[in-house]
Amino acid sequence: MAHKAVRIEVAEFLDTFFPLPEGVTADQHPQWAEDVFDGLAEGEVLTEQEIQRRFVEAVNDNDLIPGLKMFTSSEKPDITEMGNFKQKPDAAIFKADSVPTDGRPHWADQLITVEFKRNTTSQDPFDDRKGAELESDAATRKEVRGQLIDYSELVFRIQHRTALFMILVINRNIRVLRWDRSGTVVTPAFDYVAQPELLCEILWRMSLLSDEQLGIDTSATRLHPSDTDYKLMDILALASETDLSSCDDYYLKPAERQRKDHVFKHVREKFGEAVDPKWPRYRVEVPDGDGVRTFLIGAPAFYAQGMACRGTKGYVAWDIQAKRFAWLKDAWRLDYERMEPEGVILSKLNAQGVINVPTLVCHGDIRNQKTRTPDIWEAQQPVRPDTPASTAASVSPSPTLVDLVPQAPSSTSLKRTLLDVEAEETSDSEEEYTLRRHAHYRIVVQEVAKPLSEFLSGQHLVSVIMDCVQAHRDAVTKANVVHRDVSSGNILILPKVVNDENTGKPCVAWKGLLADWELSKPIHEAEPLLRPRQPPRTGTWQFLSVGMLTENPKTVEIPDELESYLHVLLYFSVRYLASDCKDPAGFIESYFDSYAFQDGLYTCGARKMHVIKTTGELEVRDGVPLTFNSPMDHIFCTLLPVFKAHYKVQDYLKKKDAALKLPFRNIRPMPSSAPRPSPAVPPRITRAQRFFRTTTSCSVSSPRLTPECHWGDDKVGDRVPHEYKPLVPLANPHRASARTMKRRRMTDIAVVPLAFSSLPKRLTQSQMPKAK
C-alpha cells in the first residue's frame with residue numbers, strides 16, 4: 001500500500017508550496033534576532049503549556065509572520081459547538097484583523113493549525129530514521145497522528161479548502177505539514193532553536209502567500225452578517241404558508257394545484273437547519289456549460305468521514321439564478337482518464353428517459369483544483385510500467401442527496417481512536433501502488449430527498465426499493481449503464497406530486513430515487529484487472545454481493561447489483577421493522593459487517609455467505625427462522641432461493657470451465673469470419689439479463705410475494721440502541737489470530753461482528769468459525 005504521508009526536505013517544501021512572489025528575493029527578508037527562540041532552549045524541562053506560551057510569544061512579539069498572528073486555543077472548545085466538535089488544538093494562525101481573544105479554536109477562521117508536544121520521540125507521529133516507515137506504528141505516535149488527522153478533517157469540513165498547512169512543534173523540534181485529500185506532505189523535523197533562521201524564513205514566506213496558496217478555496221466566498229446574501233438566507237429559511245406538505249398521501253388543495261414550482265416543507269426545514277449562525281455561510285460557484293452559476297449554502301446536511309478520501313459534503317442550496325432550492329454535492333472526485341464525472345453520467349441517464357434518478361442542473365470541476373501530494377509521491381517512486389497513471393483507481397462510495405442516518409459517535413469529542421487511524425491507513429480500498437489523484441468537483445441536482453430510514457412501513461420500504469430497481473433496469477436497458485454501488489445511502493425517498501391512480505387528483509407520494517452514479521460504468525466495458533496485493537472492490541462493503549466479496553477480482557454484474565438490493569432490504573427490515581429478532585444489532589454485526597481475512601485478503605463473512613449460498617434462509621440462530629409476520633417473509637422466502645440457485649449455477653460453470661482449463665470470466669470469443677449482425681438486430685440476452693428479468697418480475701404486487709396477511713404498521717423505530725457497544729474487541733486483522741471479524745464500521749452504529757449470533761460473546765481461536 002502507498003503511504004498517505006510523503007516526506008520531502010525543507011528546501012523542496014519551501015520551493016514547492018511557499019514560493020516567493022514575483023519581484024521578491026530571499027535576501028529581502030526582515031532582520032531576525034539570532035536568539036529569537038532561546039527561551040525554548042531548555043525544552044526538556046518545560047511543560048507543554050510553557051513551550052506553547054513561549055513559542056507563541058516569540059512569534060508574535062518578533063512579528064515573524066507579518067500581517068498574521070498566532071493565537072492559543074487549547075483552553076476551551078469552540079463555543080459554537082458545530083457538530084458537537086470538542087477538539088481543542090493548541091494554537092492557530094489567523095489574519096491579523098480576525099484574531100480571536102477568547103481562547104477558543106474558531107475553526108471557521110483558522111488559516112494554519114499549530115500543535116505542540118513535549119516528548120520528542122514518543123509524541124512525534126513520523127519517524128525520520130533511515131529505513132524506518134515514515135508513519136510509525138508505535139501506539140503513542142499513532143495517537144498523535146490521529147489527533148492531527150482530526151484537526152485537518154475538521155478544518156476541511158467547516159471551511160472550503162483545497163489544502164491545509166500545519167505546524168507541529170515537538171519540544172525543540174518542528175515539522176511543517178501540508179494536508180490535501182490525497183495525503184500529507186511532511187518535512188523532516190529540525191531543531192528550530194539551533195536553526196532559528198530556517199523557521200523564521202518559513203514563517204515569513206507563509207505571510208507572503210495568497211489565500212489560494214494558503215489552501216483556501218477561492219470559488220467559495222465567505223458571507224458575513226452584513227452581506228445581502230447572508231440576510232437573504234435568513235429570509236429563505238423562514239416557513240412560508242405556500243410550502244407544500246411533504247407527507248405521503250397528502251392531497252393538494254385547489255390553490256396548491258395552481259402552483260408549478262412547489263417548495264416542500266422538508267426542503268425548507270433542511271435549509272433552515274443549514275442556516276445556523278454557528279456555521280459559516282458561503283456563496284459558491286458551480287460550472288454550467290461555458291458559464292458559472294452561484295449557490296448559497298450553510299452547514300452541510302451530510303459530510304463524509306475521513307481525510308484522505310473524496311471528502312463528500314452535501315448541502316441544501318439556494319440557486320441564485322433559478323431562485324429555487326436544489327441539492328449541491330461538493331467532492332474531490334477521482335481524477336483518472338477513464339472515470340467520467342457523475343454529471344456526465346446523469347446527463348446521459350436524463351437524456352435517455354431513465355426514471356427515478358436525479359435531474360441534473362449543472363456540474364463541473366472547480367478551477368482546476370487538484371491534489372498535489374501524488375505528484376510528490378510519484379516523483380520519489382521507481383516507474384511501474386504495469387500500473388499506468390491513467391488507470392482508474394479503486395473507489396469507495398459517498399452518499400449523494402441526504403445523510404444516511406444520524407451518526408452515533410462513541411464520544412462527544414469525536415476523537416479518533418487508534419483503530420480509526422489503522423482503518424484509515426490500511427483500508428483495502430487504499431491498498432494500491434500509487435496515491436489517488438483527486439480533482440475538486442461540484443454537482444447540483446433538482447431533487448432534495450429523504451434518507452431511506454424514513455420509510456413509513458415494510459410495504460413502503462419494498463415499494464421504494466422497487467422504484468430504484470426500475471431505475472436500475474432503465475439505466476441498463478436504455479443507457480447501457482450499471483450503477484456499481486447499490487447501497488443504503490444511495491436508495492432515497494423523494495416526495496413528489498403525482499395524480500392518484502383512482503381519483504386522478506394530485507397528491508404527494510413518496511417514491512424511490514436511485515442516486516450517486518459516480519461509480520457507474522458502461523455495462524460491457526471491461527475493468528482493468530491489475531491484481532495488486534489487495535484487489536480493488538467497488539461499492540459499500542455491507543451491501544456487496546457474496547460474489548463480489550469472494551471472487552478475486554470480479555467485475556460488477558447485474559446479479560451482484562440485484563443481490564445488493566436484497567441486502568439493503570434485509571438491513572432496514574431487521575433494523576426498523578417488528579420481528580422476532582431479539583438482537584438486531586448483533587444480527588447486523590454478524591451478517592453485514594463481518595469478514596474473513598485469509599492470505600492477506602478480505603473476503604465475505606461467514607453468516608452472509610451461509611445464508612446466500614448454503615441455506616437460502618434467514619435464521620435468528622441455528623434452526624430458528626427470522627420472521628416478520630408480514631408479507632416480508634414471503635419476499636425473502638421467494639428471493640433468497642433465487643440467489644442460492646444463481647450461485648449453484650455459477651459454481652457449476654466454474655467447475656466446468658476449470659475442467660476445460662479455461663478462465664471463467666471475461667472471455668472474449670475468437671474472431672469469426674461470419675458476418676456481424678445488423679445493428680437493428682436486438683443483442684443476445686445474456687445470463688445476467690435473464691437473471692435480472694426473473695428477479696425483478698417478482699414485484700411488490702405479485703400474489704407470490706403478498707399473501708393474505710396484510711402489511712399493517714410494522715415499522716417500530718430504530719431497534720439498534722444509540723449507545724450500542726461492540727460485543728467483542730476489534731483486533732488488527734494483520735495481527736489477529738481469529739479468522740472472521742469486522743470489516744468496516746457502519747456510519748451509524750459501532751460494530752464488531754460475530755460469525756453467528758448464537759456463538760458465545762467471547763471467542764477463543766478454536767471457537768471461531770472457519771472462513772468459507
Side-chain angles (χ1 to χ4, degrees), residues 160 162 180-182 217 219-220 284-295 297 300 302-304 309-315 317 319 326-352 354 357-372 374 389-401 429 436-447 471-472 475 478-487 489-490 492 513-523 525 527-528 536 538-540 556:
H160 288 261
T162 60
D180 65 24
R181 287 299 183 181
S182 289
D217 174 12
S219 72
V284 299
E285 300 174 0
V286 181
D288 185 13
D290 295 331
V292 173
R293 294 176 78 157
T294 51
F295 297 82
I297 59 174
F302 165 83
Y303 48 80
C309 61
R310 293 202 298 274
T312 304
K313 296 185 285 187
Y315 301 86
D319 186 336
W327 179 262
L328 184 150
K329 183 170 76 169
D330 182 293
W332 287 79
R333 71 175 184 86
L334 288 170
D335 186 24
Y336 293 89
E337 293 178 3
R338 297 178 63 246
M339 297 197 71
E340 289 184 311
E342 184 180 6
V344 173
I345 298 162
L346 272 184
S347 179
K348 293 178 181 177
L349 298 180
N350 294 160
Q352 294 297 324
V354 175
V357 298
T359 306
L360 179 67
V361 175
C362 58
H363 74 108
D365 289 339
I366 307 300
R367 298 190 177 187
N368 200 35
Q369 295 171 356
K370 299 176 184 289
T371 54
R372 299 178 64 184
S390 60
T391 299
S394 66
V395 288
S396 58
S398 57
T400 301
L401 300 183
S429 62
R436 299 188 200 170
R437 294 182 174 274
H438 292 269
H440 195 190
Y441 177 77
R442 292 192 183 113
I443 180 173
V444 180
V445 298
Q446 290 182 9
E447 294 81 4
H472 191 285
K478 294 181 179 180
N480 198 41
V481 169
V482 63
H483 188 277
R484 300 205 313 156
D485 185 24
V486 173
S487 62
N490 301 331
L492 308 174
L513 187 76
L514 184 58
D516 207 9
W517 290 83
E518 62 188 302
L519 305 187
S520 64
K521 292 181 67 174
I523 193 169
E525 180 180 334
E527 297 186 35
T538 299
T540 303
V556 181

**Report entry** Close side-chain approach of I297 to H160, heavy-atom, < 4.5 Å
**Finding:** yes

Query raised in the report: So do V486 and H472 actually touch side chain to side chain, heavy atoms under 4.5 Å?
Result: yes

**Report entry** Minimum side-chain heavy-atom gap V292-V286 below 4.5 Å
**Finding:** no

Query raised in the report: Mind checking what makes salt bridge (Lys or Arg N to Asp or Glu O under 4.0 Å) contact with R442, not counting sequence neighbours?
Result: D217, D330

Report task. Only one of D485, I443, V481 passes side-chain contact (heavy atoms from CB on, under 4.5 Å) with W517; say which it is. Result -> V481

Query raised in the report: Can you check side-chain contact (heavy atoms from CB on, under 4.5 Å) on L334 and E518, steps first, answer last?
Result: CA-CA 10 Å; L334 288 170; E518 62 188 302; over 6 Å; no

Query - Heavy-atom side-chain proximity of V445 to T359 below 4.5 angstrom - result: no

Query raised in the report: Taking all atoms of both residues into account, what is the closest heavy-atom pair of A475 and L349, and its distance?
Result: CB-CD2, 3.9 Å

Query raised in the report: How long is the span from the OG1 atom in T162 to the CG atom in N368, to the nearest 0.5 Å?
Result: 11.5 Å

**Report entry** Within-4.5 Å side-chain heavy-atom neighbours: N490 and H483
**Finding:** yes

Query - Non-neighbouring partners of S347 that pass side chain to side chain donor-acceptor pair (under 3.5 Å), sequence neighbours left out - result: none

Query - Which atom of V357 lies closest to which atom of A471, heavy atoms considered - result: CG1-CB, 4.0 Å

Query raised in the report: Checking side-chain contact (heavy atoms from CB on, under 4.5 Å) for the pair E285/I366: CA distance, chi angles, key distance, verdict?
Result: CA-CA 8 Å; E285 300 174 0; I366 307 300; 5.9 Å; no

Query raised in the report: Can you find a pair of side-chain heavy atoms, one from V482 and one from S520, that are under 4.5 Å apart?
Result: no

Query raised in the report: Do the side chains of E340 and K348 get nearer than 4.5 Å, heavy atoms only?
Result: yes

Report summary line: Sorted by chain and residue number, the side chain to side chain contact (heavy atoms under 4.5 Å, CB included) partners of T371 (sequence neighbours excluded) come out as D180, R181, S182, W332, P374, H438

Query raised in the report: Which heavy-atom pair separates E447 from P358 by the least distance, and what is that distance?
Result: OE1-CA, 3.4 Å

**Report entry** Intermediate values then yes/no, side-chain contact (heavy atoms from CB on, under 4.5 Å), V444 and W327
**Finding:** CA-CA 6 Å; V444 180; W327 179 262; over 6 Å; no

Report task. Would you check, one step at a time, whether the test side-chain contact (heavy atoms from CB on, under 4.5 Å) holds for D365 with R333? Result -> CA-CA 9 Å; D365 289 339; R333 71 175 184 86; 2.9 Å; yes

Query raised in the report: What's the shortest heavy-atom distance between A479 and Q352, and which atoms?
Result: CB-CG, 4.1 Å

Report task. Kindly write out the residues that satisfy ring pair (Phe, Tyr, Trp, His ring centres under 6.0 Å) with Y441, not counting sequence neighbours, or none if the list is empty. Result -> H363

**Report entry** Residues that K370 engages under salt bridge (Lys or Arg N to Asp or Glu O under 4.0 Å), provided they are two or more places apart
**Finding:** D335

Query raised in the report: Can you tell me if Y315 uses its side chain to pair, donor with acceptor, with the backbone of K329 under 3.5 Å?
Result: no

Report summary line: Those residues at least two apart in sequence (or on a different chain) that pass salt bridge (Lys or Arg N to Asp or Glu O under 4.0 Å) with R293 are D288, D319

